[in-house]
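For reference, the structure discussed in these notes is given below.
Per chain, numbering begins at 1; letters A, B, ... match sequence-line order.
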Amino acid sequence: MNELAKHNEARRQEIIKLRDIIRKRRAESPVPSFADYPLTRLQERITHVLREHSGQADVTWEIDVLDRSKFGADFAVRLTGLLKEHGSKEYIESDVPRIAEALAGPELADVVAQVTHKGIYVNVRLVNHWFLAGVQAVIDLAERFGHNDTRSSRAQVVDYSSPNVAKVLHAGHFRSTMIGHVLANLYEACGAVVYRINHINDFGGFGFMLEGFRRFDPYFPPTLGNNERLLEIYAIRRTLERAVAASEGLSAADEREHQILTRYFPGASTAEELRAAYEGFVAAADERFQKLEEGDADEVALWRRMVEWSLAGFQPFYTALDIDIDFVIGESFYLEAGNSLVDEAISNGSAFELTKRRVCEEVAELDRAVAAEEITIPMRDQAVALLEKDIGAIVVPLPSGERLVVRRSDGRSIYATRDLGAIKLRREIFDPTDINYVVGQEQRVHFNRLFQAAQVLGIATATKPKFQHTYFGFYVDAATGKKLSSRESVAGVNELLAAAVTHFRARSAEGGTMTEEELDQAARQLAVGSIVFNDLKRDMKGSVSIARGDLTPIIADFEKSGGPYVVYSACRARAILRKYGKPVPHLREIGAFELSDQEALLIFRILEFPDKAAKAADEDNPSILVRHLLEIAGIYNSYYASAPVLEGNKANKSRLMITRAAQLVLTTGLKLCHVECPPKI
RNA sequence: GCCCCCGUAGCUCAGCCGGAUAGAGCAAGCGACUUCUAAUCGCUAGGCCGCAGGUUCGAGUCCUGCCGGGGGCGCCA
């Protein structure tokens, strides 16, 4: 067994052990049943009544939440199917009164106070007791309120963060890390077993690292640490590539490039000399990579050390965000599985070498299509160009007509090889129902092909695992609207966090009563919270614009993001409960009580929380959750300002209950968003 | 060239498997702190929902075309 295989076998045992721990943890923390939530039960009862009265088994209806102060009702019921089938005229004239009558009937008399109708809407006002009973249900479940079993039959691999070893973390990793982590939290809250995987790109391009580390050793500045050397090698490679591509000598290089080229390639100054240096470097790097792939002991040992340096370099970032991803698995782990998969595919014919002859045949077919006017000449030319580029590589033809290159013409693996290997091994180890890749939008084409290839190669069926590429937009420069290159965005990540902490540290509301430690803690949590909200409150497919240079406007945006607002709201509720100092009253202790329009809306929104969490998970869209929290916080803040809970030594019991429910839902929601709510702010 | 995303208030965005008078936040203006601590609350103002057709009883939402902005199209990851 070679060194790489040995290393991977040991890793596999560690991974399996951790997998079992996670499975056990899941089994030991059961989630509440979605069907038992007050809103689900109400909807179920309404469906039942509508079904009984229409005599139809399949009744589709939608609920529109209303504001009592505006409509006098809590929600509207709309039977979309019937509306479409009958048209609005008939629906309004005959269906609407019938629906209203059914909803006002004896079956729902204990929960429905009033039913009115106007146009296509049947408006329902619920009895006040239903709301307070709902609040009690929230209080009973406490921190588990919102968690549900909608995904309890699923095992989900969530692949996120995915930094490149020997490169700097950039803003894209920042987004991937937070979005992925929050999504994983959501799936877990919905009952799934979640395997969080940080897929470390630790293999591609490593020939350059292994070669460069030795080749440039005499020239590295002595102050350069190990990890910095790796980054330097990457910079050297990129600089040289650019210089060679430009076909100009040293004279055309800018100051930084000039400095690099003369330091590491002394004596090379003309375009030809640089090209020669480049070719020598590439050839030696290729050789190193091949030895690494073969498991050569020396190369594997150095490679492992390099990966460790790099991971240690990433750690401050993960520590600052307080994110610990369970499985940190390099793509090298999947190399062998990928290679044998490709070998198998070649032998059974699902993959083959794209030879010149095959290309000629395909070109002939394209020419025929042109002659038959099925395609245009530019389309043909483009297809030909794509074909010719892949000559010599091992390809998998896909149902879409595209190809996926799975092995280079020199026999070496590429990322597609290892991504396929990853699918195979992940199925073996985790047996997931879903594999979710939280990776930037620029990789859409890659994943689209990868998922197709997985089916072609028989490591996936049409339904299992369910593949999902959850993509997001990038950061753009606020001034130009253009994408921030990774070189421009690299610096900011950790500094941004530090600046945000400093900012919130100076803004404390309860500063006078807080210890230094509490202040630090609150500031850190607010910083993380504001960053998460800034990223996740809008649809993540869009880009996020970032002002450059001065951090002040960015931090100001963070404050406006709403994260601190939600945290603040939860803290206000918590302050009331703290002042009250006793457990909140139980529904049983409440006699007659008033319920304001605002309270009705607030409670309804709180009771919607499980639905929103499930919906956000189903649509892989954290912004649904984030916006709902902002909505609840908004109503609560308004309520807080106008409805005193404690007056002198008198406490309003129903308001105490509502305050507790609001505090619970906000705290739990924030936690799903990876924001811990500090006790004081 | 092909493909993808986005055009809604001055700005940032919700709303998109069609439905009530198109909603928030920020910015602007006015008002509220001896308080459950104002990181807050209340009020005011602000919209040919990019343009043109089409489908429909009904379109910001669906379809087609166009215009404008951004991105992707490596034997890199």
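Nearest to the side-chain atoms of A:Glu442 among the listed nucleotides B:G72, B:C26, B:C75 stands B:G72. Of all nucleotides listed (B:A77, B:C36, B:C75), B:C36 comes nearest to the side chain of A:Val645. Here the side chain of A:Pro644 is nearest to one of B:A39, B:C36, B:G1, namely B:C36. Of the listed nucleotides (B:C57, B:C36, B:A20), B:C57 has the atom at the smallest distance from the side chain of A:Ser88. With distances taken from any side-chain atom of A:Ala641 to the nucleotides B:A77, B:C41, B:C36, the minimum falls on B:C41. Here the side chain of A:Gln382 is nearest to one of B:A77, B:G1, B:C57, namely B:G1. The A:Arg444 side chain lies nearest to B:C4 when the options are B:G71, B:C4, B:U37. For A:Val445, whose side chain is taken as the heavy atoms from C-beta onward, the closest listed nucleotide among B:C41, B:A39, B:G72 is B:G72. Distances from the side chain of A:Lys560 to the nucleotides B:A20, B:C26, B:A39 place B:C26 closest.
At the heavy-atom level, A:Val405 lies under 4.0 Å from the strands shown only through sugar-phosphate atoms. At a threshold of 4.0 angstrom between heavy atoms, the contacts of A:Leu577 with the nucleic acid are absent. Residue A:Asp64 is classed as having no contact, given no heavy-atom separation below 4.0 Å to the nucleic acid. In this structure, A:Leu66 reaches the bases: a heavy-atom distance under 4.0 Å links it to at least one base atom across the strands shown. Nucleic acid contact class of A:Arg407 (heavy atoms, under 4.0 Å, all strands): none. A:Leu646 comes within 4.0 angstrom of a base, heavy atoms only. Nucleic acid contact class of A:Lys167 (heavy atoms, under 4.0 Å, all strands): none. Across all strands shown, A:Phe203 has no heavy atoms under 4.0 Å from either base or sugar-phosphate atoms. Among the atoms of the strands shown, none is found under 4.0 Å from any heavy atom of A:Asn534. Nucleic acid contact class of A:Lys89 (heavy atoms, under 4.0 Å, all strands): none. Residue A:Gly119 is out of contact with every strand shown, counting any heavy-atom pair closer than 4.0 Å. Across all strands, A:Tyr580 comes closer than 4.0 Å to no nucleic acid atom at all (heavy-atom distances). Note on A:Tyr565: only backbone sugar-phosphate atoms sit closer than 4.0 angstrom, heavy atoms only; bases stay farther off. As judged by a 4.0 angstrom heavy-atom cut-off over every strand, A:Leu630 is placed among residues making no nucleic acid contact.
Shortest non-hydrogen contact noted between A:Asp597 and A:Ser69 is OD2-CA, 3.4 Å.
Put simply, A:Tyr640 has a side-chain N or O that comes within less than 4.0 Å of OP1 or OP2 on B:A38. Within the 4.0 Å cut-off from OP1 or OP2 of B:G15, at least one side-chain nitrogen or oxygen of A:Arg627 is found. Phosphate proximity of B:G74 to A:Lys389: present, with a side-chain N or O under 4.0 Å from OP1 or OP2. Under 4.0 angstrom from either OP1 or OP2 of B:C13 there lies at least one side-chain N or O belonging to A:Arg538. In terms of phosphate contacts, A:Arg408 brings a side-chain nitrogen or oxygen within less than 4.0 Å of OP1 or OP2 of B:C76. OP1 or OP2 of B:A77 sits under 4.0 Å from a side-chain N or O of A:Arg418. In this model, the phosphate group of B:G42 is approached by a side-chain N or O of A:Ser638 to a distance below 4.0 Å at OP1 or OP2.
Of the residues listed (A:Glu518, A:Met514, A:Arg572, A:Gln525), the one engaging A:Ile681 in a side chain to side chain contact (heavy atoms under 4.5 Å, CB included) is A:Arg572, and it is the only one. The side chain to side chain contact (heavy atoms under 4.5 Å, CB included) with A:Glu353 is formed by just one residue from the set A:Ile346, A:Ile394, A:Ile391; it is A:Ile394.
One finds a salt bridge joining A:Glu559 and A:Arg507 here, because a Lys/Arg side-chain nitrogen approaches an Asp/Glu carboxylate oxygen to under 4.0 Å.
For the pair A:Phe604/A:Arg68, no side-chain contact is recorded, criterion being any heavy-atom separation below 4.5 Å from C-beta on.
Using the Watson-Crick or G-U wobble rule with both distances under 3.5 Å, B:C73 pairs with B:G1. Under the Watson-Crick or G-U wobble criterion, with both distances below 3.5 Å, B:A52 is paired with B:U64. Nucleotide B:A22 has no partner under the Watson-Crick or G-U criteria, as no pair reaches both atom distances under 3.5 Å. In this structure B:A14 sits in no base pair that meets the Watson-Crick or G-U test at under 3.5 Å. B:G58 is unpaired under the criterion used here, namely a Watson-Crick or G-U wobble arrangement in which both key atom distances are under 3.5 Å. When Watson-Crick and G-U wobble pairs are counted only if both distances are under 3.5 Å, B:G42 pairs with B:C30.
Taking atom C1' in both B:G23 and B:C49, the straight-line distance is 12 Å, to the nearest Å. Taking atom P in both B:G42 and B:U61, the straight-line distance is 32 Å, to the nearest Å. Going from the C1' atom of B:A20 to that of B:G58 covers 12 Å, rounded to whole Å.
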- Trace of the salt bridge (charged side-chain N to carboxylate O under 4.0 Å, His left out) decision for A:Glu631 with A:Arg627: CA-CA 6 Å; A:Glu631 163 91 14; A:Arg627 282 199 296 266; over 6 Å; no
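A:Leu404 has its CG atom 13 Å from the P atom of B:G74, to the nearest Å. In this structure, CD1 of A:Ile120 is placed 11 Å from P of B:G18, rounded to the nearest angstrom. The interatomic distance linking A:Phe533 (CZ) with B:A39 (C1') rounds to 14 Å, in whole Å. Put simply, CG on A:Asp67 is 16 Å from P on B:A20, counting in whole angstrom units. Rounded to an integer number of Å, the gap from A:Asp286 CG to B:C75 C1' is 11 Å. Rounded to an integer number of Å, the gap from NE2 of A:His446 to P of B:C73 is 12 Å. Taking atom NZ of A:Lys84 as the reference point, atom C1' of B:U61 lies 12 Å away to the nearest angstrom. For the pair A:Leu335 CG and B:A77 C1', the interatomic distance rounds to 15 Å; values are reported in whole Å.
A donor-acceptor pair shorter than 3.5 Å can be found between the side chains of A:Glu402 and A:Ser400. No side-chain donor-acceptor contact under 3.5 Å links A:Arg444 and A:Gln441. Of the N and O atoms on the side chains of A:Gln290 and A:Asp286, not one donor lies less than 3.5 Å from an acceptor on the other residue.
Checked by distance alone, A:Tyr568 brings no side-chain donor or acceptor within 3.5 Å of a matching partner on the base of B:A39.
Residues A:Asp202 and A:Arg78 both approach RNA chain B. Their nearest nucleotides, taken by heavy-atom distance, put A:Arg78 toward the 5′ side. Toward the 5' end of RNA chain B, the nearer of the two residues A:Arg449 and A:Asn123, judged by each one's closest nucleotide, is A:Asn123.
Residue A:Lys680 places its NZ atom among more than 12 non-hydrogen atoms of other residues, nucleotides or ligands, all under 6.0 Å distant.
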